[in-house]
Amino acid sequence: MLALSEGFLGLELSVTLSTALVDFFAKWGALELASFVFDKMKDRNVITWIAMFVGLAQNGLAEDASKLFSPIQEKGVAVNSTTLVSLVHSCAHLGFLRKGKSIHVYLIRHGFIFDVVDMTALIDMYAKCGKIQSAESLFNNNSITKDVISFNSMITGYALHGQGNQAVSNYFRMIKEGIMPNHSTFLSPLTACSHSGLVEDGITLFHRMKEDHKLGPTEKHYSRLVDVLGKAGRVEEARALIRKMPFEPSSAVLETFLSGCRLQKNITMGIKVADRLLHLDAMNTAVYVVLSNMYAEARRWDKVDYIRGLMRKHGVKKTPAYSSF
DNA sequence: TTAGGGTTAG
């Protein structure tokens with residue numbers, strides 16, 4: 001602190017070096033240090049302000065970040081692409097729709113030319129802030145050449161808004177437009193399929209990954225499809241899928257499967273997978289809770305007591321939450 | 001010697 005406040009080796013730190021420090025500290029979550037350097041600076045440039053703003057935003061300090069917004073705007077620093085993207089990205093993260101929109105409007109008024117990266121940041125911001133139609137019209141206005149990230153962003157937006165059909169159809173549109181998907185492309189629509197009950201679409205997408213694009217599904221993709229199948233009551237198929245996985249299923253996949261078993265009130269299968277999960281980690285609270293809830297739903301109070309006993313035996317503290325019915 | 005887009009949902 002002393003070295004920083006009096007300058008390094010008695011020299012005043014340059015704006016560039018101080019800014020690098022603000023950025024470094026903020027990125028590591030050392031916001032007190034970042035603020036300290038920021039406050040001490042006599043001169044700050046665009047990058048200094050943005051680094052501080054982004055640092056606060058990424059660390060969830062919405063209110064503090066918000067206070068920097070006006071000075072940034074007053075200085076008119078939101079004029080280049082990098083600045084725009086940094087600011088808009090943080091606005092998306094914080095749900096600052098009005099602020100994000102004001103940057104967008106400001107730049108339109110000033111005749112700013114948006115590239116695909118700028119557009120993607122805006123699409124993501126509008127989608128995350130609940131304005132899926134604004135995101136959609138930006139995406140569809142044909143002023144930019146779309147790429148895999150802008151497509152993924154739009155697809156994620158649809159998924160976020162429960163528009164499973166749109167998420168899936170934009171995957172096909174992307175292929176039609178000759179853009180190669182990547183692993184991320186498939187995650188959002190698969191999630192959307194589980195939310196919207198689009199079982200066949202989910203299965204199709206999953207298989208297209210490998211067959212059409214040579215993309216081996218990762219554990220997350222398996223987990224999503226297990227969820228799609230589990231929610232649709234196709235527990236046996238979900239189980240077969242897990243067995244076919246080219247790697248050992250982690251707790252995450254098994255927990256997804258377990259919640260499918262609970263949803264379908266398949267206690268027999270639920271016990272099997274819970275047993276496996278507890279062999280992986282006897283302290284996995286979630287497993288006890290789900291098992292206990294399954295038994296409670298089946299009014300098997302003796303078993304509920306038994307689970308409680310198991311928890312005590314293993315020193316698992318959390319009391320299972322009973323579902324009300 | 002400083003700032004750039006997507007990556008489940010909860």
Side-chain angles (χ1 to χ4, degrees), chain A residues 8 13-27 34 37-38 41 43-58 68 72 77-93 100 103 114-128 135 138-139 144-162 164 167 170-171 174 179 181-196 202 205-206 215 217-228 230-231 252-253 255-256 259 286:
Chain A
F8 186 63
L13 298 182
S14 69
V15 176
T16 305
L17 191 48
S18 302
T19 300
L21 280 171
V22 169
D23 182 56
F24 176 82
F25 287 138
K27 281 212 172 94
V37 177
F38 183 84
M41 288 172 75
D43 300 310
R44 305 180 187 110
N45 62 22
V46 180
I47 304 174
T48 323
W49 284 93
I50 301 293
M52 194 66 231
F53 179 81
V54 171
L56 291 167
Q58 297 313 105
L68 296 192
I72 288 174
V77 297
V79 288
N80 70 40
S81 184
T82 311
T83 312
L84 155 78
V85 172
S86 301
L87 288 173
V88 166
H89 184 67
S90 293
C91 288
H93 185 73
I103 296 169
F114 298 88
D115 67 16
V116 65
V117 178
D118 306 327
M119 281 301 197
T120 305
L122 287 164
I123 288 163
D124 178 60
M125 188 271 295
Y126 282 118
K128 287 211 170 84
L138 269 187
F139 184 71
I144 49 156
T145 306
K146 299 175 186 69
D147 64 9
V148 60
I149 301 182
S150 56
F151 259 103
N152 287 357
S153 220
M154 192 64 239
I155 290 172
T156 302
Y158 284 126
L160 218 56
H161 287 259
N170 271 276
Y171 159 76
M174 173 179 177
I179 293 157
N182 59 23
H183 279 97
S184 314
T185 308
F186 293 91
L187 270 181
S188 298
L190 278 172
T191 306
C193 287
S194 103
H195 289 163
S196 312
L205 279 178
F206 185 85
L215 292 167
T218 69
E219 170 142 18
K220 284 181 179 172
H221 298 96
Y222 274 99
S223 197
R224 286 306 92 205
L225 191 60
V226 165
D227 197 39
V228 169
K231 282 204 172 77
V253 175
E255 280 171 15
T256 304
S259 68

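Letters go in sequence order (proteins before strands), and every chain restarts at 1. Hydrogens, waters and symmetry mates are skipped; everything else that's a heavy atom, side chains included, is used.
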Nucleotide of B:dT8, B:dA3, B:dG5 approaching A:Val116 most closely (side-chain heavy atoms): B:dG5
Evaluate the side-chain proximity of A:Leu187 to A:His183: yes if any heavy-atom separation is below 4.5 Å, no if none is. no
Under 3.5 Å donor-acceptor, A:Thr120 side chain and A:Val116 backbone: yes
Atom-to-atom span, CD of A:Glu255 to C1' of B:dT8 - whole angstrom: 14 Å
Separation of B:dA9 P from A:Leu160 CG (nearest whole Å): 5 Å
Counting only side-chain N and O atoms of A:Lys128, is one of them less than 4.0 Å from OP1 or OP2 of B:dT7? yes
Tell me the interatomic distance from A:Lys231, atom NZ, to B:dA9, atom C1', rounded to whole angstroms. 9 Å
Which part of the nucleic acid, if any, lies within contact of A:Thr19, taking any heavy atom under 4.0 Å across all strands shown: a base, the sugar-phosphate backbone alone, or nothing? base
With heavy atoms under 4.0 Å as the rule, sort A:Ser150 into base, sugar-phosphate or nothing. base
A:Ser86, nearest nucleotide to its side chain (from B:dA9, B:dA3, B:dT2): B:dA3
Over all strands shown, is A:His183 touching base, sugar-phosphate only, or nothing at heavy-atom distances under 4.0 angstrom? nothing
Rounded to whole angstrom units, what separation is found between the CG atom of A:Asp227 and the P atom of B:dG10? 11 Å
Rounding to an integer number of Å, can you tell me how far A:Arg44 CZ sits from B:dT1 P? 23 Å
Write down the distance between NE2 (A:His221) and P (B:dT7), rounded to a whole number of angstrom. 14 Å
Donor-acceptor pair under 3.5 Å: do we get one between A:Asp118's side chain and the base of B:dG4? yes
Considering all heavy atoms of both residues, which atom of A:Phe186 and which atom of A:Leu215 are nearest to each other, and what is their separation? CE1-CD1, 3.7 Å
Given B:dT8, B:dG5, B:dA3, the nucleotide with the shortest approach to the side chain of A:Ile149: B:dG5
Side chains of A:Ser14 and A:Leu17: closer than 4.5 Å at any heavy-atom pair? yes
Select base, sugar-phosphate, or nothing to describe what A:Thr191 touches, counting heavy atoms under 4.0 Å on all strands. sugar-phosphate
Round to the nearest Å and state the distance from A:Phe38 atom CZ to B:dT2 atom P. 19 Å
What nucleotide, of B:dG4, B:dT7, B:dT1, holds the atom closest to the side chain of A:Thr82? B:dG4
Base B:dG4 paired with A:Ser81 side chain (donor-acceptor, <3.5 Å): yes
Nearest-Å distance, CZ (A:Phe139) to C1' (B:dG5)? 13 Å
When you measure from the side chain of A:Ala121, which nucleotide among B:dG5, B:dA9, B:dT8 comes out closest? B:dG5
Strictly by modelled atom types, are A:Ser81 and A:Asp118 linked by a side-chain donor-acceptor pair under 3.5 Å? yes
